[in-house]
Each structure stands twice: as C-alpha cells, then as structure tokens.
Amino acid sequence: IVAYTGDGVAGRTVSHNLGVAPEMMWVKRRSTSRVWSIYHYALGNEGIIRFDDADAGTGNATWNSTDPSAVEFTLGAQNTVNNASDTYIAYLFASLPGISKVGSYTGNGSSQTIDCGFTSGARFVLVKRSSNLTGDWFVWDTTRGIGAGNDPYISLNDTYAEVTNTDRIDPDSSGFIVTDESTAINASGVTYIFYAIA
C-alpha cells in the first residue's frame, strides 16, 4: 500500500516496497472525489479499468505507457492518478505461489479449470471481462460459499444485492472452475482478468 501526493507531471514515478513488479494496481484519489483507476498486466500499460464502471478503456495519460517495475510505478498526468497537490492511495498486487494469483484466461464456452497453483482451492475470486470493454466485477468467497451448486456473488460496479441463484464457479484444489452456465465469465474467445486468494 502506497500513499502519495500528485504533481501533475507525466512520467512521475512512485516508489514501492512490494519487492516484485505489481501485476495489478488500484489507485484512488483521496482529497477529492474521482473514480478508481486500475492497472492489470493483461491489459497492458495503456489499459485502464474502473471498479465503478463495467467498461474498460485505454489511454497513456494514466500509466504513462510504462510497465511498473519491482521498485516503482510510473504515472501520467491524468487527474485520477496524478493531479497536482491531490493525495492518492495505491494498492499493489502480485502473485505469490500458493497464496495469491493475478491472472487472465480466455473463455471456452464450456467448463474449465483456472489453475492458480493452489493446493486447497481459492477462498476469494474476483473476475472481470476484459475484452469488448464490458462486463461486471464479480466477487465470490468461501465465507458466503463456493461449492458445486449455486454460489452467491456480488458485483463491485453496482449497488444490487448479492445474487444467489447462479452456479458460475465451482471449487478446485488448484484454484477454481468457471462453468459453462454463464457467458459472463466464460464466453468462448472472450478474455477475462482475475485475482484469487487461497
């Protein structure tokens, strides 16, 4: 977790202590209201995605067309991440074998296992469609239930109550299974990003 103050200058670097290059970053302006800006390696260094919007987009003004490194990440002059004198918070994520996995997969329209390298399955799963620029942020967890039947989920980009009557994921010791019941997380040829915790 990194807190910083923006300077409004493209190419601004912010140091971090993650120890590896972040594969996903969530950045939020704290001093005034603005949307979340999210980086995911699968979208590239010009990709931009948001929690409060189902859409994704591109633009070099956010990440300055620069991949994060093991010691710093680079910002453009976009006010959602680097407005002069505004304060920000950044949450950085990277895969840790057996503990967490930041990844992506391509849907096959049928059931498929998403191997995260776990041994006891995923306790938390976040999935977002990343192609065609649409799709909700789906969240499942074992506290509410990840089983062979219906699995409750919430969507981070809307205010609806949790949905309890669908079976979109199933448990697997290596990670999780996306089922063929929903095009929302497993449409054939569509790409998705995810974050899972063991």
Side-chain angles (χ1 to χ4, degrees), residues 1 18 20-28 35-44 47-56 90-198:
I1 301 171
L18 192 60
V20 295
E23 295 170 289
M24 182 170 58
M25 302 185 295
W26 305 347
V27 178
K28 179 76 171 78
V35 297
W36 289 88
S37 292
I38 300 169
Y39 165 90
H40 192 286
Y41 77 90
L43 301 175
I48 184 69
I49 202 163
R50 308 193 190 291
F51 278 136
D52 48 357
D53 191 342
D55 294 342
Y91 301 97
L92 313 181
F93 302 85
S95 299
L96 183 62
I99 303 296
S100 64
K101 178 68 175 175
V102 179
S104 66
Y105 63 90
T106 300
N108 64 5
S110 180
S111 179
Q112 68 170 312
T113 299
I114 308 304
D115 186 347
C116 300
F118 300 160
T119 57
S120 298
R123 293 183 299 131
F124 173 90
V125 178
L126 171 69
V127 176
K128 169 78 170 83
R129 181 175 177 156
S130 58
S131 61
N132 302 332
L133 307 182
T134 61
D136 290 340
W137 288 91
F138 296 104
V139 175
W140 293 268
D141 59 74
T142 54
T143 299
R144 291 176 300 127
I146 297 177
N150 290 348
D151 312 290
Y153 72 83
I154 56 174
S155 297
L156 298 182
N157 56 287
D158 66 39
T159 59
Y160 302 133
E162 73 175 7
V163 177
T164 60
N165 61 349
T166 63
D167 182 18
R168 291 184 173 171
I169 71 170
D170 286 334
D172 184 82
S173 60
S174 69
F176 60 99
I177 298 169
V178 290
T179 69
D180 59 354
E181 186 174 313
S182 170
T183 59
I185 64 168
N186 196 28
S188 182
V190 174
T191 57
Y192 301 85
I193 59 174
F194 72 89
Y195 177 56
I197 302 172

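Given the structure is predicted, the values throughout are model-derived calculations rather than measurements. Keep in mind that the numbers below use all heavy atoms, side chains included, and drop hydrogens, waters and symmetry copies.
Between W36 and F51, the ring-plane angle classifies as perpendicular under the 30° and 60° cut-offs. Taking the six-membered ring where the residue is Trp, F124 and Y195 present perpendicular rings, their angle passing 60° and hence far from 30°.
Every ring pair (Phe, Tyr, Trp, His ring centres under 6.0 Å) that F176 has, sequence neighbours left out, goes to F194. With sequence neighbours excluded, the residues that form a side-chain contact (heavy atoms from CB on, under 4.5 Å) with T113 are D172, S174, I177. The side-chain contact (heavy atoms from CB on, under 4.5 Å) test applied to R144 returns V139, D141, P152, I154, E162, not counting sequence neighbours. Every ring pair (Phe, Tyr, Trp, His ring centres under 6.0 Å) that Y39 has, sequence neighbours left out, goes to W63. Looking at residues two or more places apart in sequence or on another chain, you find no side-chain hydrogen bond (donor to acceptor under 3.5 Å, both in side chains) involving S100. With sequence neighbours excluded, no residue forms a ring pair (Phe, Tyr, Trp, His ring centres under 6.0 Å) with F118.
The distance from atom CG of L126 to atom OH of Y192, rounded to the nearest 0.5 Å, is 14.0 Å. Rounded to the nearest 0.5 Å, atoms OG (S111) and CG (N186) are 7.5 Å apart. The line from CD of E23 to CD1 of I193 is 12.0 Å long, rounded to the nearest 0.5 Å. Atoms CG and CE, from L92 and M24 in turn, are 10.0 Å apart once rounded to the nearest 0.5 Å. The structure places CD1 of I48 at 13.0 Å from NE2 of H40, a figure rounded to the nearest 0.5 Å. Taking CH2 from W137 and CZ from R50, the interatomic distance works out to 11.0 Å, rounded to the nearest 0.5 Å.
Residues G98 and A198 approach most closely at O-CB, 3.4 Å, considering heavy atoms. What you find for R168 and A184 is that their closest heavy atoms are NH1-CB, 3.7 Å. Among all heavy-atom pairs drawn from A148 and P171, the shortest one is N-CD, 4.0 Å. Closest of all the heavy-atom pairs between G135 and R129 is CA-CB, 4.1 Å. Heavy atoms only, all atoms of each residue included: V20 and A94 are closest at CG2-CB, 3.5 Å. Contact between I169 and D167 at its shortest, heavy atoms only, is O-OD1, 3.2 Å.
Side-chain contact check for L43 versus S130: some heavy-atom pair is nearer than 4.5 Å.
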Requested in this report: Apply side chain to side chain contact (heavy atoms under 4.5 Å, CB included) to I197 and F93, showing your working.
Outcome: CA-CA 11 Å; I197 302 172; F93 302 85; over 6 Å; no
Query - Verdict with supporting geometry, V178 and Y105, side chain to side chain contact (heavy atoms under 4.5 Å, CB included) - result: CA-CA 10 Å; V178 290; Y105 63 90; 3.5 Å; yes
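Counted by atom type alone, N157 and D136 present one or more donor-acceptor pairs between their side chains at under 3.5 Å.
The backbone N or O of V27 lies less than 3.5 Å from no partner atom in the side chain of S37, so there is not a single donor-acceptor pair.
The one candidate from T166, D170, I185, D151 that meets the side chain to side chain contact (heavy atoms under 4.5 Å, CB included) condition with T179 is D170.
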